[in-house]
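Okay, structure first, notes after.
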Amino acid sequence: MVERGPSRAIWFWGALLLAFAIGVGISIALFRPAPHEPVAVAPSSRSVDHPANAPLAAGSSPLVAIPLHIELDLAKVDLGERLFHDVRLSGDDTISCAKCHDLRRGGTDRLPFSVGINGALGDINAPTVFNSGFNFTQFWDGRAPTLEAQIDGPVNNPIEMGSSWEQVTAKLSADDGYVSDFAELYPEGITRDSIVDAIATFERSLSTPNSRFDQFLRGDTTALSEEEKMGYGLFLGLGCVECHQGIGIGGNMFQRMGAKNEYFDERGTGTDADLGRFNVTGDEFDRHRFKVPSLRNVAQTAPYFHDGSAPTLDEAVGVMARYQLARELKEEERRRLVAFLRTLTGEYQGKSLGASAQARSPFRGRE
Amino acid sequence: MSRFGLSQHHILAGCAALLLVPLAVFLFFMSAPLDFDEHQRFLGSLRQIQASEAVLNQYLLRLRSGAVTSVDPINAEFARIDALERVLGSPPQFVAESGRRAIAERVAEYSELMDRKVLVAERFKAENANLRTAVSYFPVISQELVDEAIRQQEGRALATDLQSLVRDVLLFNVKADEVLAPIILHRLSRLESGTGPDSGVLVPVSLENLIAQVRTIVRVKPEVESLLNELLFIPTGEQTAEIGALYDRYYDYALESRNFYRLLLYLVAIVALAFAAWLIIRQLGHQIQRATLRIGVQNEQLQTQIAEIRALNEVAVAVSSVLDVNRVMEIILERTQQVMQADACSLLQLDEESGKLRFHVGAASSSRMLEGLTLDVGQGIAGQAASTGQTVLVNDAYEDERFDPEFDRITGTRTCSVIAVPLMSKREVVGVLEVLNKRGGEPFSDGDRQLLESMAAQASVAIENSRLYERSREGAERLRVALEQERHLSIEKDKLKAYIPKNVVDEISRNREQSLALGGRIVRATILFIDMEGFTRLSENLDPQEIVEFLNEFMTEMTAIVDARNGIVDKYLGDGIMAVFVDAGDEEYSLNAVRAAIEMQARLTELRSRWRKERPKFAELAIRVGINTGRVVAGNIGSPTRMDYTVVGDNVNVASRIEGACKPGEIYISLSTYEDVRHSIEAREIEPLAVKNRERPVQVYVVSTESDAA
C-alpha cells in the first residue's frame with residue numbers, strides 16, 4: 001500500500017492536471033474574439049458594388065458587339081468538343097450533336113426539320129448552336145433555362161438521339177481516353193452532370209465575334225457599305241430591333257409569330273410545335289409565341305423560322321415584315337435589309353463562318 | 001482507511017468526469033461561434049437580391065420609357081436573382097431548424113413571386129416591343145401616306161387628319177392616362193369613312209396598315225402600362241424584407257442561445273475547477289493524514305525495536321555479568337514477557353536426571369503457580385517444542401490437538417495464543433521458552449516468533465554459561481573444603497608429633513596431599529638403589545623365618561638412614577630398596593642421597609662385625625649402591641585398589657642399571673649426581689656404562705667411601 005500509493009497518486013494528479021489543461025484550453029478557445037471582420041461574399045456572379053455603381057447605360061444601345069474573348073476552361077472546351085462530335089451520345093451510335101448542329105453549316109443542318117435516329121424526322125427546325133450561349137433560354141419555346149438543361153432534350157428525345165444518360169455514361173466509361181480525361185477535370189468522373197458541363201462549356205465557346213457589323217458597332221464606319229448602312233437604318237426604323245436586339249441580336253425575349261397578322265391562319269396545317277411557348281406555360285397568351293431567334297450568322301442558317309418554311313433570307317425578311325409589321329416591303333427595302341443581315345456573319349476560330357467552313361472542320365472524318 | 005480514501009477520490013473524480021466532461025463537450029459544441037462566412041454569404045445574397053430587384057425595376061421602367069432598348073440587362077438580372085434565390089434557399093447551418101424551414105418557405109414564396117414576375121416580364125417585353133415597333137413604325141408609314149396625300153389635291157384634308165393623328169398617338173404613348181384613346185379612335189373612324197371608296201381619295205393599302213398600327217398602339221399601350229404596373233407591384237421587395245427580418249430574428253436567437261450555452265460552459269468550467277480544487281485539498285488532507293499515520297506506525301515499530309534491542313541487550317548483559325542461573329532465568333522471563341507483550345512467560349528446563357521439563361515462571365507472570373511443576377517431553381505445546389526441537393506457534397490453542405489444557409486449569413486462565421521455542425545447547429534441547437496470550441488478544445505474528453527465537457538463543461547461552469560457572473564454582477568450593485581439611489590435618493599432625501615420628505606424619509600428609517593431585521607430575525629427584533649381593537643364592541638354603549627377621553633388621557637399618565637424610569623409601573625390592581630424594585628446593589637432595597649411601601656402607605660394615613657373632617651366615621653379605629639424578633614422573637601408579645605412590649621414568653631405570661653394574665661394597669653415581677655433589681664428595685670416573693634406551697653410555701663415578709666423614 002505504502003509502495004502503491006505514490007503511483008496511484010501520480011495518476012490522480014495527472015488526470016486532474018489534464019482536466020485543468022482541457023478546461024483552460026476550452027476557456028481560451030471560447031474567449032477568442034468573435035470575427036467581426038466582414039467576410040467577402042463568394043463572388044458567385046458579380047461584385048457586390050454592382051447595383052450602386054453600375055451605369056444604367058447598359059442596354060441603352062439595342063445592339064451589342066460580341067466580346068472578342070471569352071474566358072473558359074480550355075480543357076473542358078476540348079473535352080466538350082469531342083463529346084459534341086461523338087455519336088455514342090445517341091442510342092444507336094449514329095448521331096452526334098454535330099449531326100444537326102454542323103459547325104461547317106452555320107451550326108445547323110440547313111434542313112427544315114432534322115433527321116434523328118432511324119431516319120425519324122423532327123417537328124421543328126434545328127436552331128444554330130453558334131452563340132447559343134447568349135440566348136436567355138434554349139429551344140424555340142424556351143423550355144430549357146440553360147445550355148446544360150437543353151442537352152437533356154435531344155439526348156433523350158426518341159426521334160432525335162434516342163438515348164439515355166445511363167446508356168451514354170456506360171458507353172463513355174468503356175473508353176479509357178474519356179475515363180482519364182474526365183478524371184482530370186471532374187472528381188466525380190463520367191456522369192450526366194460532367195458530360196453536360198463539358199458540352200455546355202464547349203457550346204459557350206461557339207461565339208462568333210468580329211462580324212463586320214460588330215466592327216461597325218466598335219466604331220469602324222467603313223465596315224459597312226452604304227447599302228448595308230441603309231439596311232441597318234431600316235432595321236432600326238421599321239422596328240425590327242425592338243425584338244432582334246441585345247448581344248445576340250435576338251434570343252432574349254419571346255414574341256408572337258404573327259404579331260400584326262395571323263401567320264398560321266394563312267400558312268395552315270398547325271402542328272403541336274406551332275403552339276410554341278403555349279406548350280410550356282399553357283397560357284393562351286403564349287399561343288404561337290416563340291423565342292426571338294438570334295440574327296447573328298443568319299445568312300448561314302437557312303432555312304428560316306421554327307418551321308423552316310423560308311428558304312431564303314429575302315423571303316424570311318418579307319414574311320417577318322408582313323406578319324410582324326403588317327407591311328409589304330418594297331424590293332429595295334428587302335435588298336437593303338438582307339444586305340445588312342449578311343454583315344452579321346461572325347468568325348469562329350478566327351475565320352468567318354461564311355467563308356470556307358467546310359475545309360476548316362477537323363471533325364469531318366468522324367461524322 | 002487511506003486506501004478507502006483514495007478509491008473514494010477516484011469514484012468522486014470519475015463521477016464528476018462522467019458528468020462534467022460530456023456536459024462540457026455538449027456545451028462546447030452548442031456554444032461554437034457562428035459561422036460568419038455563412039452569415040455574410042446569406043446576408044450578402046439577400047442584399048444583392050434586393051439590389052438586383054431595384055436594378056431590375058429601373059431597367060423595366062427605362063425599357064418602357066425607351067431609355068433602355070435592350071432587354072439583355074433584364075434577363076441578366078433575372079438570372080442573377082435566380083442564382084441568389086438558391087443561396088437564400090439554404091440558410092446557414094446555425095439557424096434553428098424551424099427557422100430554416102420558415103426561411104425556406106418564404107424563399108419558396110419569393111421564388112413563386114419571381115416566377116410570376118418573370119412571366120409578366122416576358123409579356124411586358126413582348127408587348128412593349130410590339131408597342132415600340134408600332135410607335136416607331138407608325139410615323140414612318142404616316143409620313144408615307146401624307147407624302148402621297150399631298151400629291152393629290154383632295155388629299156390635303158387627309159394629310160391634316162393624319163398629322164393630327166400622329167400628334168395624338170405620340171402624345172397618347174407618352175401620357176399616363178388614356179383620355180386620348182377615344183379621340184384617336186374617333187379620328188381613325190373618320191379617316192376610314194373619309195377615305196372610303198366613295199370619297200374619291202386614293203386609299204392606298206398602307207392606310208389600313210397605318211390604322212392597324214394605331215389600333216395596336218391603342219390596344220397594347222394600356223396593356224403594357226398595366227403589365228409594368230403589375231411588375232412593379234409584385235411584392236418581391238416586401239418578401240425579401242420579410243426574409244431579412246426573419247433571418248435577423250433567427251440569427252439573434254442563434255447568437256443568444258450560443259451566448260447562453262457559453263455562459264453555461266463557463267459555469268461548468270468553474271464548477272469543475274472548484275471541484276478539482278476541492279479534490280486537491282481533500283487529497284492533500286488525506287495524504288497528510290496517511291503520512292501522519294505512517295509516521296505513527298513507524299514510530300511504534302521503532303519503539304518496539306528499541307524495546308527488543310534493549311531486552312536482548314539486557315539478556316546479553318545478564319549472560320555476561322549475572323551468573324546465577326536463577327537470576328539469569330528471572331531476567332530472561334521478565335524481559336521476554338515484556339518484549340513479547342505476553343500475559344505469561346515461562347521457561348521449562350530439562351532435568352537431566354528425571355528427563356522431565358521443569359517450569360520456571362517469571363515473577364510478573366500470571367501463571368506463577370506453575371513454578372516448579374514438571375511435564376513430560378512431548379506433553380503439551382511446550383513438550384512438543386522440546387521433543388521436536390522446532391518452534392511451535394499456535395494462535396488458537398483449544399483448536400490445536402497438541403495443546404494440554406491441564407495447566408489452564410491450574411492457573412485458571414485461558415490460553416489462546418502460544419509460542420514455544422526450544423532452548424538448544426550444543427544441538428541438544430535443554431529446555432523450552434514459552435509465551436502465552438499476546439496482550440490485547442492479538443495473535444502472535446511471524447515477527448513475534450523470530451523475536452522469541454532470538455530471545456531463546458540468548459537464553460540458551462545464558463543458562464549454559466551460568467551452569468558452567470556454577471559447576472566450576474562448586475569445584476572451587478570442594479577445593480576450599482579440602483584445603484580446610486588440610487589445615488585441620490596439619491594441626492592434628494602437630495599433635496601427633498609426640499608419638500609418631502615426624503617423617504611418618506609428614507609422609508601421611510604428603511601422601512594425602514599428593515593424592516589430591518590429579519595424574520602425575522614431573523619432579524627432579526635423585527634415585528638410589530641398593531641390593532644385597534648374593535642374598536638370593538643365600539636365601540635358598542635358609543629358614544624363611546630367619547630370612548624375614550634378617551631382612552626386617554636390614555631394612556629397618558637402611559630405612560632409618562634414608563629417613564635421616566630426608567629420603568623416601570619408595571619400595572622394598574625383595575632384598576633391595578629403592579629410595580627417592582625429591583628436590584625440595586634446598587639442592588641438598590643429591591648430596592643427601594650420596595651421604596645416605598656412604599652411611600649405609602659404613603653401617604653395613606658395623607652390622608657385619610656384629611653378624612659375625614650372631615648370624616655368621618649373613619656375615620659376608622655386601623651391598624651394591626647405584627645413584628642417578630634427573631627428572632622423573634611422580635604419582636600414584638597402579639590400579640584403583642592397589643596403588644603406589646612412586647616415581648617412574650628413564651632416570652629410575654638408569655639408577656637401577658647403575659646399581660646393577662656396581663661392585664659389592666661400592667657406590668656408583670651417574671654424572672648428573674656427580675655434578676650435584678662434586679664439591680662435597682670425592683669420586684673417580686670409571687668407564688661409561690651402556691644403558692638401555694640411551695644412545696650414549698652413562699658416565700659413572702665411584703664414590704670414595706673414606707673421603708667423606710660427614
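Chain identifiers are assigned alphabetically (A, B, ...) following the order of the sequence lines, protein sequences preceding nucleic acid strands; residue numbering begins at 1 within each chain. Both backbone and side-chain heavy atoms feed into the values below; hydrogens, waters and symmetry mates do not.
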Before giving the answer on salt bridge (charged side-chain N to carboxylate O under 4.0 Å, His left out), spell out for B:Glu144 and A:Arg327 the whole-Å C-alpha distance, their side-chain angles and the decisive distance to 0.1 Å.
CA-CA 12 Å; B:Glu144 284 175 1; A:Arg327 179 187 176 97; 2.8 Å; yes
Those residues at least two apart in sequence (or on a different chain) that pass salt bridge (Lys or Arg N to Asp or Glu O under 4.0 Å) with A:Glu148 are A:Arg204
At a heavy-atom separation under 4.5 Å, does [X] approach chain A through its side chain, its backbone, both, or neither?
| X | answer |
| --- | --- |
| B:Thr216 | side chain |
| B:Glu53 | neither |
| B:Asn75 | side chain |
| B:Ala276 | both |

With the side chain counted from C-beta on, respond yes when [X] and [Y] share a heavy-atom pair under 4.5 Å apart, and no when they do not.
| X | Y | value |
| --- | --- | --- |
| B:Arg123 | A:Arg289 | no |
| B:Thr69 | A:Gln245 | no |
| A:Gln324 | B:Tyr137 | no |

Can you tell which part of A:Thr146 gets under 4.5 Å to a heavy atom of chain B, answering side chain, backbone, both or neither?
neither
If I measure from the heavy atoms of chain B, does A:Leu325 come under 4.5 Å with its side chain, its backbone, both, or neither?
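A:Leu325 touches chain B through backbone and side-chain heavy atoms alike.
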Any idea which of B:Leu279, B:Ile280, B:Val140, B:Leu273 has the most non-hydrogen atom pairs under 4.5 angstrom with chain A?
B:Ile280
Pairs of heavy atoms under 4.5 Å with chain A: top-ranked of B:Arg215, B:Glu127, B:His39:
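Answer, by heavy-atom pair count under 4.5 Å with chain A: B:Glu127.
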Chain B contact residues among residues 252-261 of chain A, heavy-atom distance under 4.5 Å:
A:Asn252, A:Met253, A:Phe254, A:Gln255, A:Ala259, A:Lys260
Can you tell me how far CZ of A:Arg322 sits from CG of B:Asn209, rounded to the nearest 0.5 angstrom?
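CZ of A:Arg322 is found 12.0 Å from CG of B:Asn209.
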How close do B:Ser70 and A:Ser61 get, counting heavy atoms only, and between which atoms?
CB-O, 3.8 Å
